[in-house]
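Input: a single structure, listed below in structure tokens.
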Amino acid sequence: MNAYKDLESRGFIYQTTNAEMSEKYLSENKVHFYVGFDPTADSLHTGHLLPIMAMKRLQDAGHIPIVLVGGATALVGDPTGKTEARPILTKDDVAKNVEALKKQLSQFISIEDDKAIFVNNADWFEGIGYLDFLREVGHRFSINKMLTAESVKLRLETGLSFLEFNYMLLQAYDFYHLNKTYNCTMEFGGQDQWGNIIAGVDLVRRMNQKEVHGVTFPLLLDSNGQKFGKTAGGAIFLDTNRTSVFDYYQFWRNCEDTDVKKLLCFFTSLPVEEIAQLATLEAPAINRAKEILAYEATKLAHGKENAEKSFLAAGNKFGFADKECKIPTSSDITKIAICANSGADDLPSFEISSIPEDGYWIVQLFSDAELCKSNGEVRRLIKGGGAYLNGEKITDANYKITSTDFTDNQLILKAGKKKIKQIVYI
RNA sequence: GGUGGGGUUCCCGAGCGGUCAAAGGGAUCAGACUGUAAAUCUGACGGUUUCGCCUUCGGUGGUUCGAAUCCGCCCCCCACCA
């Protein structure tokens with residue numbers, strides 16, 4: 001099976017400039033293709049994961065990903081999909097973000113043996129003069145046409161600055177530059193990037209007289225039509241300082257039934273046939289499919305060892321879906337030895353170094369451990385019956401924790417059913 | 001540059017001198033029901049060792065016993081005109 005068919009069968013392909021040619025490229029040649037990520041924050045989140053997974057699959061199929069981190073484009077800000085301009089980032093912030101993203105991306109995309117190329121568009125944009133750019137690139141763009149782009153149309157209602165309006169030209173120029181420099185012949189991106197991608201395809205044709213193609217991925221939505229990747233504590237990040245491995249695992253484990261199949265296709269490497277099989281599981285057995293999803297997805301982002309720990313920690317907390325491994329799967333989740341308390345130590349933890357003389361006020365501890373945002377929130381939680389100390393429901397908001405509440409200098413706090421923190425007294 | 005309309009709590013959006021921590025909706029969180037799912041129902045939703053006080057309605061300075069609400073100046077956004 002060729003790489004194009006592979007992506008197609010897993011649902012990665014939403015739109016292409018030319019399906020036939022795209023398939024031809026990807027099945028007959030070693031293709032240099034590019035995907036851009038704008039460093040607007042210092043961590044990637046689950047929303048970035050879909051293109052990353054696609055890159056990974058293409059790389060595994062022998063193609064060469066050009067991973068573009070948009071140090072220049074982030075300074076301009078992509079208006080696509082935004083109802084208003086985002087705050088303009090400082091150059092320092094962008095530079096920091098570039099480094100952070102590069103690091104995270106390289107966890108997924110192997111750069112050994114020239115199997116991938118990492119670039120930053122600031123490297124070529126910084127040397128270009130305004131007049132040169134206008135004359136060379138600007139004259140090839142029709143305002144009339146740009147105004148028909150979905151991203152621009154939307155913003156025509158609320159306001160679009162000239163800065164942002166230029167974004168399309170920059171992204172198009174990236175494609176031109178990469179085509180000239182690396183013979184990059186394909187660009188991939190999110191569904192919302194369509195306008196920017198075709199602008200690039202056109203520009204390459206005009207300036208380099210080359211035929212290149214673009215492919216977009218579908219937009220991931222949850223069943224409520226909400227953007228995917230947001231949950232309890234906000235967005236799910238790949239940076240473990242922002243989202244612990246356990247929470248990352250739990251994010252996938254808690255996905256909706258109707259999404260399991262889709263997510264397994266996108267975020268694991270299991271064969272499509274097996275996924276189809278897993279997706280037919282009924283009632284409680286479907287949870288096994290979710291465990292596999294969570295385990296595989298966590299393994300990709302944070303490594304096998306961490307994935308195993310999270311699987312065990314979560315399983316011991318909430319139960320395992322298929323302890324005997326009766327459901328067939330090629331995932332090595334079946335090789336993990338499940339024993340009574342394994343993984344118990346791998347819950348997200350919070351360390352305290354001292355207990356006040358009259359005890360550690362329970363409300364304070366919840367907010368210190370970042371289980372709640374404010375003391376008021378903790379009170380509400382307690383009032384609502386969602387706060388637990390070592391498995392016991394807390395009813396008294398004035399309760400003070402003393403050393404007797406600790407076992408081996410540890411205790412467990414729960415906010416709701418799923419947010420858990422282990423408090424370690426050191 | 002001119003004229004008109006705006007900037008309200010995470011978002012949308014009402015309020016237009018006290019009864020405003022500010023309607024309503026969305027998002028979110030918790031509880032019940034469940035399968036660590038969905039749907040549904042219930043409650044919460046500025047802060048504070050909580051019922052008293054403190055901080056919030058673009059910024060700033062006024063008027064007033066009292067201002068999100070009135071006035072001056074400034075900043076930003078939108079529409080039309082130039």
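Note on naming: letters A, B, ... go to the chains in the order of the sequence lines (proteins, then strands), and numbering restarts at 1 for each one. Worth knowing before you read on, the calculation uses all heavy atoms, side chains too, and leaves out hydrogens, waters and symmetry mates.
- Note on A:N375: a side-chain N or O is less than 4.0 Å away from OP1 or OP2 of B:U49.
- If you measure from atom CG of A:D396 to atom C1' of B:U49, you get 11 Å, rounded to the nearest angstrom.
- Across all strands shown, B:G2 is found opposite B:C80 as a Watson-Crick or G-U wobble partner, with both distances under 3.5 Å.
- Both A:Q250 and A:G376 sit near RNA chain B, but only A:Q250 has its closest nucleotide nearer the 5' end.
- Separating the CD1 atom in A:I198 from the CE atom in A:M168 is a distance of 7.0 Å, to the nearest 0.5 Å.
- Side chain of A:E256, nearest nucleotide from B:A30, B:A38, B:U50: B:A38.
- Close to B:U48, at under 4.0 Å from its OP1 or OP2, lies a side-chain N or O of A:S374.
- Atom CG in A:N254 sits about 11 Å away from atom P in B:C29, given to the nearest Å.
- Across the C1' atoms, B:G46 and B:C10 are found 12 Å apart, a figure rounded to whole Å.
- Between the CG atom of A:L293 and the C1' atom of B:A37 there is a distance of 13 Å, rounded to whole Å.
- Base contact: A:K290 has a heavy atom under 4.0 Å from a base atom.
- Across all strands shown, B:G17 forms no Watson-Crick or G-U wobble pair with both distances under 3.5 Å.
- The backbone N or O of A:K115 lies less than 3.5 Å from a partner atom in the side chain of A:Q59, making a donor-acceptor pair.
- With B:G35, B:U49, B:U36 as the candidates, the nucleotide lying closest to the side chain of A:W361 is B:U49.
- Projected onto RNA chain B by closest heavy-atom contact, A:G385 and A:V363 fall at different nucleotides, the more 5' of which corresponds to A:G385.
- Between the P atoms of B:C54 and B:U3, the separation comes to 42 Å (whole Å).
- In this model, a side-chain donor or acceptor of A:D257 finds a partner on the base of B:G35 within 3.5 Å.
- Computed from coordinates, the A:I327 CD1 to B:G35 P distance equals 16 Å when rounded to whole Å.
- Atom name C1', nucleotides B:C65 and B:C12: the rounded distance is 36 Å, in whole Å.
- Rounding to whole angstrom units, NZ of residue A:K414 and P of B:C29 are separated by 16 Å.
- With rounding to whole Å, A:Y295 atom OH is found 22 Å from B:U36 atom P.
- When the C1' atom is compared between B:U40 and B:C33, the two are found 9 Å apart, to the nearest whole Å.
- Using a 4.0 Å cut-off, some side-chain N or O of A:R379 falls inside it from OP1 or OP2 of B:U50.
- Across the strands present, B:U48 finds its partner in B:G52; the criterion is a Watson-Crick or G-U wobble pair with both atom distances under 3.5 angstrom.
- Across B:A68 and B:A79, the matching C1' atoms stand 25 Å from one another, rounded to whole Å.
- The interatomic distance linking A:D368 (CG) with B:U48 (P) rounds to 12 Å, in whole Å.
- Within the 4.0 angstrom heavy-atom criterion, base atoms lie near A:K400.
- In B:U34 the base sits anti relative to the sugar, since the glycosidic angle is further than 90° from 0.
- Counting non-hydrogen atoms of other residues, nucleotides and ligands closer than 6.0 Å to OH of A:Y14 gives a total of 12 or fewer.
- If you check B:U40 for Watson-Crick or wobble pairing at under 3.5 angstrom, you find it paired to B:A32.
- Counting non-hydrogen atoms under 4.0 angstrom, A:R380 reaches the backbone sugars and phosphates but no base.
- Residues A:D6 and A:R57 are in side-chain contact: their nearest non-hydrogen atoms beyond the backbone lie under 4.5 Å apart.
- Checking B:U34, B:A37, B:U36 against every side-chain atom of A:K417, the shortest atom distance belongs to B:U34.
- Not a single donor-acceptor contact under 3.5 angstrom links the side-chain atoms of A:K419 to the base of B:U36.
- Using bins of under 30°, 30° to 60° and over 60° for the plane-to-plane angle, the ring pair A:Y295/A:F311 lands in the perpendicular bin.
- Salt-bridge annotation for A:R140 and A:D202: absent, with no side-chain N of the basic residue lying under 4.0 Å from a carboxylate O of the acidic one.
- Of the C1' atoms belonging to B:C45 and B:G31, the separation is 15 Å, rounded to the nearest Å.
- Ring pair A:Y173/A:F133: centre-to-centre distance below 6.0 Å.
- A:Y249 and A:F246 have their aromatic ring centers separated by at least 6.0 angstrom.
- Here the separation of B:G15 from B:U69, taken at their C1' atoms, is 8 Å to the nearest Å.
- Between A:K383 atom NZ and B:C45 atom C1' the separation is 12 Å, expressed in whole Å.
- Closest to the side chain of A:K418, from the set B:U49, B:A30, B:U36, is B:U36.
- A gap of 28 Å separates the P atoms of B:G58 and B:A44, to the nearest Å.
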